[in-house]
Amino acid sequence: MSESNPQANRQIARAAGTVMLAFLFSQLTGLAAKIVIWAAFPAGFDLDAFYVANQPSESLLTIMAGGILVSSFIPVFVKYLVKEDRPSAWRLASSTANLILILMTSLAAMEAIFARPIVQYLLGSGFTPEKQSLTIDLLRIQAISIIFFGLSGLLVGILNSHQKFLFSALSPAMYNLGQIFGILFLTPSLGIYGLAWGVVLGSAFSLLIQIPALLRLKGTYTPTFGLHNSSVGEVFRLMAPRMFGAAAVQLMVLVNTLLASHMDPGSVSSLRLGFSLMMIAWAVIAQSIATAAMPTFSTQFAQGKTDELRRTLSATLRGILLLTIPATLGLILLRIPIITLAFQRQEFTAETTRMVAWALLWYTVGLVFHAALEVLVRAYYAMHDTWTPVLIGAAAMLLSIGLSFVFSSLFTRLGWMPLGGLALAVSLSTGLEVGSLFLFMRKRLNGIEGIHLLKGLVCAVLGTLGMSGALMLWVDASTGRGAALTTLVGITLGGSVYVLVLVLLRVQEVSQVILALRRRLFR
């Protein structure tokens with residue numbers, strides 16, 4: 001982090017460290033959930049139906065925990081905290097909670113009622129009638145989770161506004177543990193339906209784990225909808241364009257799912273797993289940093305400290321570059337041993353590994369873009385501007401839809417698996433989206449300390465080149481020695497080489513981490 005704004009940067013760094021560890025645990029539980037799911041159900045009939053039915057709930061988890069509600073609620077809520085007007089802050093929270101409960105309950109009911117046409121004409125039009133029937137049943141069960149996710153997202157916003165990150169960051173882990181519970185204890189008697197009920201349990205757990213931390217804030221609940229409260233209106237005005245943007249994203253996901261459902265059996269689940277594996281790195285790095293940074297962005301904007309906001313954003317983006325560039329190459333080079341180690345057994349064959357690795361390759365190309373997007377979008381929301389990122393994001397998603405048709409067709413003509421073209425379309429459109437948002441933000445803030453960012457980029461690229469060379473030599477030398485050895489030694493070797501290069505280049509972020517570790521150890 002840049003020393004031009006040391007206090008804010010240290011605050012973000014400390015919070016990001018806590019959140020990163022919590023997200024790492026959440027992602028490990030997510031990986032464990034995927035392992036037990038794929039061990040219980042091979043790619044194909046049941047798993048394709050489950051993932052299609054799970055798509056609305058999972059999308060809402062991502063949106064409500066880190067998107068629509070958090071991004072629209074925190075900036076308004078923080079304004080009251082800055083003014084030390086707690087009664088007004090908690091009236092806003094109460095009103096928002098009551099409205100969200102009604103909205104999410106209505107949405108869940110609509111999803112359950114119209115599950116059949118949703119599956120037949122949208123999510124699973126390429127499925128057989130038997131597969132569609134199963135998907136409809138699973139969709140209706142998982143609709144219940146929408147209510148819990150909506151309230152959980154609000155609690156994330158309240159806790160993060162108070163710089164309380166740990167339990168909200170652990171919320172996704174509870175969701176994953178619910179799925180694991182469903183696999184271990186419900187699927188033996190209920191089959192794939194047990195996993196769907198595990199999703200519902202996990203969504204409830206993700207809400208419940210945050211309640212003790214919420215109670216410690218000693219806020220006051222008011223049974224009101226706040227229909228005449230201008231701040232409630234502001235939250236939902238900020239939310240409206242974000243919902244439009246989310247609809248554009250879901251349209252892109254829908255088109256890709258639709259196209260994948262017409263490809264080889266297992267394409268839907270392979271595409272989903274490949275994206276999920278890329279998102280592990282994204283969540284641990286980008287979501288943790290962005291989650292920690294947004295309350296600081298919001299406070300700086302509320303206080304009118306534009307210069308500090310510019311420096312904080314620059315330092316945050318530089319940190320994203322230093323972490324995601326090596327993660328991108330590392331994940332690409334180690335993707336096959338990682339997938340083999342985690343999943344390949346019984347029905348998860350070498351062919352399935354090849355399909356997932358192919359999707360993961362093209363998704364990982366866009367990891368840096370996905371990570372930078374998370375930070376930039378949070379900065380816009382902190383400045384009460386939701387329309388700019390939403391309109392640019394909607395345009396990018398429409399471009400992604402067009403590219404999905406183009407690249408899947410191109411990959412087919414080249415003799416490549418077309419699902420890789422769907423992943424590449426997402427990566428390329430996200431890159432263009434980030435570039436546009438960066439240019440608009442740079443103009444708005446009168447610069448984003450480009451030289452500082454460029455130096456970070458150069459250091460990250462040099463370190464990654466050294467890391468990649470060591471990894472390629474190791475992967476070649478470890479052929480036939482087993483996926484576990486290749487993966488574990490590869491991660492250790494690659495990380496060590498990268499850090500060593502950054503130390504030699506005197507990268508200030510590394511020096512600060514080493515200094516902080518020394519202080520903690522000696523303390």
Side-chain angles (χ1 to χ4, degrees), residues 59 62-79 153 157 160 231 233-253 282 286-287 289-291 293-318 320-321 366 368-402 426-450 453:
S59 298
T62 302
I63 290 170
M64 298 308 287
I68 287 181
L69 195 51
V70 172
S71 57
S72 59
F73 177 79
I74 287 181
V76 183
F77 191 66
V78 161
K79 282 197 304 184
N160 288 0
S231 294
E234 185 176 2
V235 169
F236 283 88
R237 280 195 300 273
L238 291 173
M239 189 183 296
R242 185 67 180 91
M243 292 182 72
F244 172 75
V249 172
Q250 291 311 304
L251 179 61
M252 180 271 293
V253 173
W282 169 84
Q287 196 175 15
I289 293 176
T291 298
M294 186 171 182
T296 301
F297 291 158
S298 298
T299 300
Q300 290 170 337
F301 182 76
Q303 295 172 340
K305 298 178 179 178
T306 305
D307 290 340
E308 288 190 12
L309 176 57
R310 179 177 61 249
R311 291 192 293 267
T312 302
L313 176 58
S314 174
T316 305
L317 288 173
R318 178 178 156 112
I320 288 290
L321 292 174
V368 176
F369 303 136
H370 285 287
L373 177 66
E374 186 72 9
V375 171
L376 283 169
V377 166
R378 301 287 181 110
Y380 275 100
Y381 294 155
M383 299 167 71
H384 297 232
D385 178 4
T386 55
W387 277 113
T388 299
V390 163
L391 292 176
I392 292 176
M397 290 307 102
L398 291 175
L399 174 63
S400 178
I401 291 172
V426 173
S427 296
L428 182 57
S429 62
T430 303
L432 294 174
E433 181 180 2
V434 166
S436 300
L437 287 174
F438 181 85
L439 291 176
F440 277 104
M441 181 62 77
R442 181 174 178 271
K443 182 177 180 180
R444 183 166 183 170
L445 294 178
N446 296 318
I448 312 185
E449 299 191 348
L453 280 174

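Nothing fancy with the numbering, it's 1 onward along the sequence.
Residue Pro75 forms a side-chain contact (heavy atoms from CB on, under 4.5 Å) with just one option from His384, Met383, Glu234, and that option is His384.
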Mind running side chain to side chain contact (heavy atoms under 4.5 Å, CB included) on Thr296 and Glu308 for me, showing each step along the way? CA-CA 10 Å; Thr296 301; Glu308 288 190 12; over 6 Å; no
Residues Leu317, Phe438; criterion side chain to side chain contact (heavy atoms under 4.5 Å, CB included); working and verdict: CA-CA 10 Å; Leu317 288 173; Phe438 181 85; 4.2 Å; yes
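How far CG of Leu309 is from OG of Ser298: 9.0 Å, rounded to the nearest 0.5 Å. Note: Ile74 CD1 to Asn160 CG = 5.0 Å, rounded to the nearest 0.5 Å. Interatomic distance, CD1 of Ile392 versus CG of Leu437, reported as 4.5 Å (0.5 Å rounding). Between Lys305 atom NZ and Thr312 atom OG1 the span is 10.0 Å, to the nearest 0.5 Å. Taken to the nearest 0.5 Å, the OG1 atom of Thr316 stands 10.0 Å off from the CG atom of Leu376.
Side chain of Ser314 to main chain of Arg310: no donor-acceptor pair is present (N/O by atom type, distance under 3.5 Å, no hydrogens or angles). Using modelled atom types, no side-chain atom of Ser400 and backbone atom of Ser429 make a donor-acceptor pair closer than 3.5 Å.
When side chains are defined from C-beta on, Val78 does not count as touching Phe301, because their heavy atoms never get closer than 4.5 Å. You'll find the side chain of His370 stays beyond 4.5 Å of the side chain of Glu374, heavy atoms only. Within the 4.5 Å cutoff, no side-chain heavy atoms of Val390 are placed close to those of Tyr380. A 4.5 Å side-chain heavy-atom check between Leu373 and Glu433 finds at least one atom pair inside the cut-off.
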Table please: side-chain donor-acceptor pairs of residues 439-446 below 3.5 Å, with sequence neighbours left out.
residue : atom : partner : partner atom : Å
Arg444  : NH1  : Asp385  : OD2          : 2.7

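Across Tyr381 and Pro389, no two heavy atoms sit closer than the pair CE2-CG, 3.7 Å. When every heavy atom of Phe297 is checked against every heavy atom of Val375, the shortest pair comes out as CE1-O, 4.2 Å. The two residues Ala372 and Ile320 have their closest heavy-atom pair at N-CG2, 3.9 Å.
Annotation: side-chain contact (heavy atoms from CB on, under 4.5 Å) contacts of Leu321 (sequence neighbours excluded): Ile325, Val368, Leu453, Leu457.
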